[in-house]
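Down below is the structure, laid out as structure tokens.
In this text, all values refer to a predicted model and were calculated from it rather than measured experimentally.
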Amino acid sequence: MEETLNEINETIETPAEDQPETTNEPVEEIPETDTLQEEEEIVVPKDWSEWDEHEFSEGEIFTNEYPPQAAVWCNEGGTHHIEEIEPDEDGNRRFQIVKNPEPTAEEIAERKAMLNLTAADVERAIYKAKGMDFDDVIALVEQYNENLPSPLAGGATHVDTGAVDETGASENEVTATIPSPLAGCKFEQAKNEPCEIVCRMAEGQGEGSTIDIKALKIELKANNFYRGNPYIDAVGQLLGFTSEQLDNFFETGDYMELLNG
């Protein structure tokens, strides 16, 4: 009986080579993790409502920060902005409402030149002001080219200086022919009053010159018309519009500006 038990014990005994080796090296400890997350700091926005009814003004100074209402006031007005100025005696940052600098003559001219309207807006305005569409304009220019050997060629009295005495006479009178295609435009007014348009046409085009009709047709196909395009002035003068009228029309898009003298 004992022999049988010994045989069973020998059978189930694990071989020495399969036993895991034991070492005296220390076991690396796994750090304990904190399952509690740190609470994020909640930033409460500052209440600026006290500035809602504030009347902002030029020169106003704010310390450390300025209310967003001040920036809105500047942006909506378009005449002021906010600049950071020198800090106060304690080193606090300061901000001031400052007026925008006046634009230079070059900046004004550049801005005016970039004013634009769609071709439809321009044609619609010409039709309302003169009863003409682009086809009529082209026909007018063609007639102008055919009938104008010189911008000033003898006929009605035109005053080139604008200095007219009580009798309607001037020291510098020029005899000028009013071409037939221009009937109804301000060339007809050249007889006894200053005619800025005739002067500008004569100075701008030169004696005997014409408007390039092919180039004009290309320009009239554009989607947008820019005020700085020289054809705007050339054709506008033929239609009897002054430079100021054209400026105001492109500024507002209102055809009534072409009728305001």
| task | Please check if any side-chain donor atom of T118 sits under 3.5 Å from a side-chain acceptor atom of D121, or the reverse. | result | yes
| task | Would you name the heavy atoms of L117 and G253 that are closest together and state the gap between them? | result | CD2-CA, 4.0 Å
| Just wondering, are more than 12 heavy atoms of other shown residues or ligands nearer than 6.0 Å to CD in E110? | no
| task | Apply salt bridge (charged side-chain N to carboxylate O under 4.0 Å, His left out) to R93 and list each qualifying residue two or more places apart in sequence or on a separate chain. | result | E84
| Single-linkage hydrophobic cluster Y226~Y255, side-chain heavy atoms < 4.5 angstrom | no
| Among the clusters formed by ILVMFWY side chains lying less than 4.5 Å apart, do I232 and I138 turn up in the same one? | yes
| Side-chain donor-acceptor pair present, E60, H54, cut-off under 3.5 Å | yes
| message | Under the criterion side-chain contact (heavy atoms from CB on, under 4.5 Å), I'd like the reasoning laid out for F241 against V235: C-alpha separation, chi angles, the key distance, then a yes or no. | response | CA-CA 9 Å; F241 303 139; V235 176; over 6 Å; no
| said: Once rounded to the nearest 0.5 Å, what's the spacing between atom CG of D133 and atom CG of D135? | reply: 5.0 Å
| said: Using side-chain contact (heavy atoms from CB on, under 4.5 Å), reason through L239 and L140 one step at a time and then give a plain yes or no. | reply: CA-CA 9 Å; L239 296 173; L140 175 65; 3.7 Å; yes
| message | Within this structure, what is the CZ-CG distance for the pair R94 and D88, rounded to the nearest 0.5 Å? | response | 6.0 Å
| query | With ring centroids as reference points, do F225 and F249 lie under 6.0 angstrom apart? | reply | no
| task | In sequence, state the C-alpha distance, the side-chain angles, and the governing distance for D233 and R227, and then conclude on salt bridge (charged side-chain N to carboxylate O under 4.0 Å, His left out). | result | CA-CA 8 Å; D233 275 319; R227 178 66 185 94; 3.1 Å; yes
| said: side-chain contact (heavy atoms from CB on, under 4.5 Å) for L246 and L258? Distances and angles first, verdict last. | reply: CA-CA 7 Å; L246 292 171; L258 300 175; 4.1 Å; yes
| query | Is there a side-chain contact (heavy atoms from CB on, under 4.5 Å) between E257 and E251 once you walk through the steps? | reply | CA-CA 10 Å; E257 297 291 351; E251 187 76 50; over 6 Å; no
